[in-house]
Amino acid sequence: MEHVDAVVIGAGQAGLSAAYFLRRTGLGFVVLDANPGPGGAWRHRWPSLRLGKVHGIHDLPGMHLPHADATRPASEVVAEYFGAYEHEFALPVLRPVTVRAVRDAGGELLVETDRGEWTTRALVNATGTWDKPFRPHYPGRFDGRQLHTADYRGPEELAGLRVIVVGGGTSAVQALMEIAEVATATTWVTRRPPEWHAGPFTAEHGRAAVAKVDEAVRAGRVPASVVSVTGLGLTPEVLDARARGVLDRHAMFERLVPEGAVWADGHVVEADVILWATGFRHALDHLAPLRLREPGGGIVMDGTRVVADPRVHLVGYGPSASTIGANRAGRAAAVAVRDLLTESIVA
């Protein structure tokens, strides 16, 4: 068992940002990451997602993302960048380490992992959502292949097939547009009509979106997805796909059948594959022993601090679930941890 002032769980954008600012406080800390290498969730993105097609990757604090070929896979570029960042600032990242549980140990927290235990006076959780893909249940049986965007490796494996893409987020749109280039047929299905955002995504628009999510987490509600607040961008590629009918949206089907899906009016779409681009949930199961959730499943937050246990901070959660928001949350969490531990020493 080892003791540190703070433990950071996760070495994605939010975790590395928190680590950068914790390093500047002089506190002793460790970063525990479950991945075999750097990159956070980005290392798992499908290879056909090129750097030039992502919405944007905000620089980590203190180091710019180097210029890179826009045709390279985003997963490779970001993994290299994160790895260089960890080395540049000598961040104490240990991997692969899977955190199994965090428990209250009196005045400290006990972090149980597959590689030993740590006691700490503060915890910064930055585990994101990638490890918890959400797969909704629909009645019936489908005899074809079902996969989630977490399993999707690119359009090549779907060439010549009939594909139903379910989901109204950015990942659904990105995957659908490239699958449509090689598939025999595609069908786009969403629970709600997609909300398109025309024009540039301004700083004012961003602040308004963050404010809505922040309001939810302060009230202890489960935070909404980013796209439900910001809308889908009408890029030139999206406008072209709409003009060609690729993004003609259908309402949600009622049930699955062996050959595909059926709607309430009896209409059937035959398919070989259903791609569930239905998002993710926050990976917080290891915090269950701390009983942080409200009856509705949310966690009451004040900034990055969990109101039910001020020793615990969540970054990359709620309003900080974006690359720029993660940076700000990392700094805020590090400052709050420093202040908390300083107050405990004085007391």
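As a basis for the values below, the full set of heavy atoms in this structure was taken, side chains included, without hydrogen atoms, waters or symmetry mates. Everything numeric in this text was worked out from a predicted model, so none of it was measured.
Residues Leu51 and Tyr85 are members of one and the same hydrophobic cluster, defined by side-chain heavy-atom contacts under 4.5 angstrom among Ile, Leu, Val, Met, Phe, Trp and Tyr. Under the 4.5 Å side-chain heavy-atom criterion for grouping Ile, Leu, Val, Met, Phe, Trp and Tyr, Val182 is not connected to Trp188 through any hydrophobic cluster. By the criterion of side-chain heavy atoms lying less than 4.5 angstrom apart, applied directly or through intervening Ile, Leu, Val, Met, Phe, Trp or Tyr residues, Val335 is not grouped with Tyr20; the two fall into different hydrophobic clusters. Val97 and Leu110 are assigned to two separate hydrophobic clusters, defined by single-linkage of ILVMFWY side chains at heavy-atom distances under 4.5 Å. Both Leu341 and Val124 are members of a single hydrophobic cluster when ILVMFWY side chains are connected at heavy-atom separations under 4.5 Å.
A heavy-atom distance below 4.5 Å is not found between the side chains of Tyr152 and Ser171. Contact annotation: the side chain of Val102 approaches that of Ile9 to within less than 4.5 Å [non-hydrogen atoms, C-beta and beyond]. The shortest side-chain heavy-atom distance between Leu123 and Arg311 does not fall under the 4.5 Å cut-off. Side-chain contact between His44 and Ser75: absent, with no pair of heavy atoms (C-beta onward) separated by less than 4.5 Å. Side-chain contact between Tyr317 and Ile299 is present, with at least one heavy-atom pair separated by less than 4.5 Å. Thr120 is not listed as a side-chain neighbour of His3, based on a closest heavy-atom distance of 4.5 Å or more. Between Val312 and Leu109, some side-chain heavy-atom pair lies under the 4.5 Å cut-off. Val78 is not listed as a side-chain neighbour of Arg45, based on a closest heavy-atom distance of 4.5 Å or more.
Under the 4.5 angstrom side-chain criterion for Ile, Leu, Val, Met, Phe, Trp and Tyr, the cluster partners of Phe142 are Tyr138, Ile164, Val166, Val189, Met252, Phe253, Leu256, Trp263, Val269, Ile274, Trp276.
Atoms CZ and CH2, on Arg43 and Trp130 in that order, are 12.0 Å from each other to the nearest 0.5 Å. Taken to the nearest 0.5 Å, the CG atom of Leu275 stands 5.0 Å off from the CG atom of Leu147. Between the NE2 atom in His250 and the OG1 atom in Thr187 there is a gap of 5.5 Å [rounded to 0.5 Å]. Between the CG atom in Leu247 and the CZ atom in Arg249 there is a gap of 12.5 Å [rounded to 0.5 Å]. With rounding to the nearest 0.5 angstrom, the CG atom of Leu158 is 6.5 Å from the CZ atom of Arg145. Interatomic distance, CZ of Arg141 versus CZ of Arg255, reported as 13.0 Å (0.5 Å rounding).
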Mind running side chain to side chain contact (heavy atoms under 4.5 Å, CB included) on Trp196 and Val238 for me, showing each step along the way?
CA-CA 10 Å; Trp196 300 101; Val238 167; 3.5 Å; yes
Please determine whether side chain to side chain contact (heavy atoms under 4.5 Å, CB included) holds for the pair Lys132 and Leu284, giving the CA-CA distance in whole Å, both sets of side-chain angles, and the decisive distance to 0.1 Å.
CA-CA 9 Å; Lys132 289 203 69 174; Leu284 300 175; over 6 Å; no
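The only member of Val93, Val7, Leu94 that meets side-chain contact (heavy atoms from CB on, under 4.5 Å) when paired with Val31 is Val93. Residue His286 is tested with Thr113, Thr98, Thr127, Val111 for a side-chain contact (heavy atoms from CB on, under 4.5 Å); the sole match is Thr127.
Smallest separation of non-hydrogen atoms from Gly167 and Ala172: O-CB, 3.2 Å. Residue Leu232 comes nearest to Pro194 through the heavy atom pair CD1-CB, 3.8 Å, listed as atom of the first residue, atom of the second, then distance. The nearest pair of heavy atoms linking Gly40 to Phe82 is N-CD2, 4.2 Å. Closest approach of Arg50 and Thr71 over heavy atoms only: CD-O, 2.8 Å. Closest approach of Thr25 and Leu22 over heavy atoms only: OG1-O, 2.6 Å. Taking each heavy atom of Val307 and Pro310 in turn, the nearest pair found is O-CD, 4.2 Å.
Between the side chains of Glu178 and Trp46, at least one donor N or O sits under 3.5 Å from an acceptor N or O.
We find that Arg305 and Asp302 are joined by a salt bridge, their nearest charged nitrogen and carboxylate oxygen being less than 4.0 Å apart. Salt-bridge annotation for Arg135 and Asp151: present, with a side-chain N of the basic residue lying under 4.0 Å from a carboxylate O of the acidic one. Electrostatic pairing of Asp104 and Arg291 does not count as a salt bridge here, judged by no charged N lying under 4.0 Å from a carboxylate O. A salt bridge links Arg244 with Glu181: the distance from a Lys NZ or Arg NE/NH1/NH2 to an Asp or Glu carboxylate oxygen falls below 4.0 Å.
Using a distance-only test at 3.5 Å, with no hydrogens or angles considered, a donor-acceptor pair links the side chain of Asp272 to the main chain of Arg162. Proximity of a side-chain donor or acceptor of Thr278 to a complementary backbone N or O of Phe134 within less than 3.5 Å is detected. Without hydrogens or angle criteria, Asp33 side chain to Ala11 main chain gives a donor-acceptor distance under 3.5 Å. No donor-acceptor pair closer than 3.5 Å links the side chain of Asn35 to the backbone N or O of Gly37.
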Identify all side-chain donor-acceptor contacts of residues 60-68 below 3.5 Å with residues at least two apart in sequence or on another chain.
| from | atom 1 | to | atom 2 | distance (Å) |
| --- | --- | --- | --- | --- |
| His64 | ND1 | Asp59 | OD2 | 2.6 |

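Dense packing is recorded around CZ of Arg115, with more than 12 heavy atoms of other residues, nucleotides or ligands lying under 6.0 Å away. By the neighbour-count criterion of 12 heavy atoms within 6.0 Å, atom CZ of Arg153 is densely surrounded, having more than that number from other residues, nucleotides or ligands.
Taking the six-membered ring for Trp and thresholds of 30 and 60 degrees, Phe280 and His148 have ring planes more than 60 degrees apart, a perpendicular arrangement.
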